[in-house]
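Down below is the structure, laid out as structure tokens.
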Amino acid sequence: MTKLDIVTNAARMVAPGKGILAADESTGTITKRLDTIDVPSTEDNRRDYRQLLFTTESASDYISGVILYDETLRQSGSDGVPFSKLLWDKGILPGIKVDTGAKDLAGSAGEKVTEGLDGLRERLAEYVELGAAFTKWRAVIEIGAGMPSRACLEANAHALARYAALSQEAGLVPIVEPEVLMDGGHDIERCAEVTEAALQLTFQELFSQNVVLEGMVLKPNMVVPGKHCGQQNSVAEVAEMTVKVLRRHVPGAVPGIAFLSGGQSEVEATAHLNAMNSLGEMPWQLSFSYGRALQASALQAWRGSADNVPAAQAALAHRARMNGLARRGEYSENMEQDAA
Ligand code: 13P
């Protein structure tokens, strides 16, 4: 297999029983995460933390790919082996976040558009040299009074499609991430409505830009109520509404859908994925590409100390296994007690 076969690699990224670890926090975001455990965000500390994630023994049984940030793709472990080689050697595909962040959308109060298209072709060529097999670009859509506007949805969908086409041209599988945020007091129906609009426009633009659907992975939010909504929905309701929305808007040619966790707890994100995979036959693989919902316990266990690396790795291995089971609809919450 050549590493630049996008259809083969897209299928590998969403292989049954496995999912993706999102470890592509920008320097600003990882600094916020390290602040929560009182660890200074130095380049060495960031490297040590990522190294503990990537060297977790059994994780590769459940992890098909890892999304990296620019700094990490250029780093090596303490043994001098570049992280991208370490991952390839474990059978894990390295990927790279290539957007340059969500910036204020002109003419709109509070909405964002993700940037990073200028010079992207040249950056992608370098990322191929550095060993990347796939890319990620995240669009951020906020729900609020009069938001999102059509202008926000269209601008983000267009950028996602331009990015996806450039990635495929370079031989890299694009992860297309239109994230409808959980922030806000909206109910689950409003989340469904906005997610439908975002997906519809995204696939319209992907089609216009000649993106090969078989060689991409979609990374959407689940359909959930806003964080500050008084209404609670059951795991079954979230699973059913999410799958209903996806069935309406995601062509069956897409090999897989890898959800973001978006602020859900580790257990919620796993339970929702499990419930969806218990709903029967789907046109696509339903997988995970979690950041916080895979790393939260590991980060808390580590607290910046080498002595805690085994405990942190045990926490990550446990979450990876739980999500691997959820990929098959074989997870139940009482398995959480087996945590190391
Ligand atoms: P979360 O799972 O923490 O939302 O992160 C996933 C991600 O990659 C966001 O772009």
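What you see is a predicted model, and the numbers here were worked out from it, not measured in a lab. Just so you know, ligand 1 is whichever comes first in the structure, and atom 1 is the first atom listed for that ligand.
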Hey, are E336 and Y331 close enough side-chain-wise for a donor-acceptor pair under 3.5 Å? yes

Under 3.5 Å, sequence neighbours excluded: what are the donor-acceptor pairs made by side chains of residues 303-317?
unit_1, atom_1, unit_2, atom_2, d
R303, NH1, Q300, OE1, 3.0
S305, OG, D307, N, 3.1
N308, ND2, W302, O, 2.9
Q313, NE2, L52, O, 2.9
Q313, NE2, T55, OG1, 3.0

Would you say E71 and T27 are linked by a side-chain donor-acceptor pair, where the criterion is simply a distance under 3.5 Å? no

Show every side-chain hydrogen bond (donor to acceptor under 3.5 Å, both in side chains) that has at least one partner inside residues 210-221, sequence neighbours left out. T195-N221, K219-S289

Which pairs count as side-chain hydrogen bond (donor to acceptor under 3.5 Å, both in side chains) when at least one residue sits in residues 106-118, sequence neighbours excluded? D104-K112, S108-E111, E111-S149

Every residue of the protein that comes under 4.0 Å of ligand 1, judged on heavy atoms: A22, D24, K136, R138, E177, K219, L260, S261, G262, S289, Y290, G291, R292

Closest non-hydrogen atoms of A139 and L160, given as atom of the first, atom of the second and distance, are CB-CD1, 4.0 Å

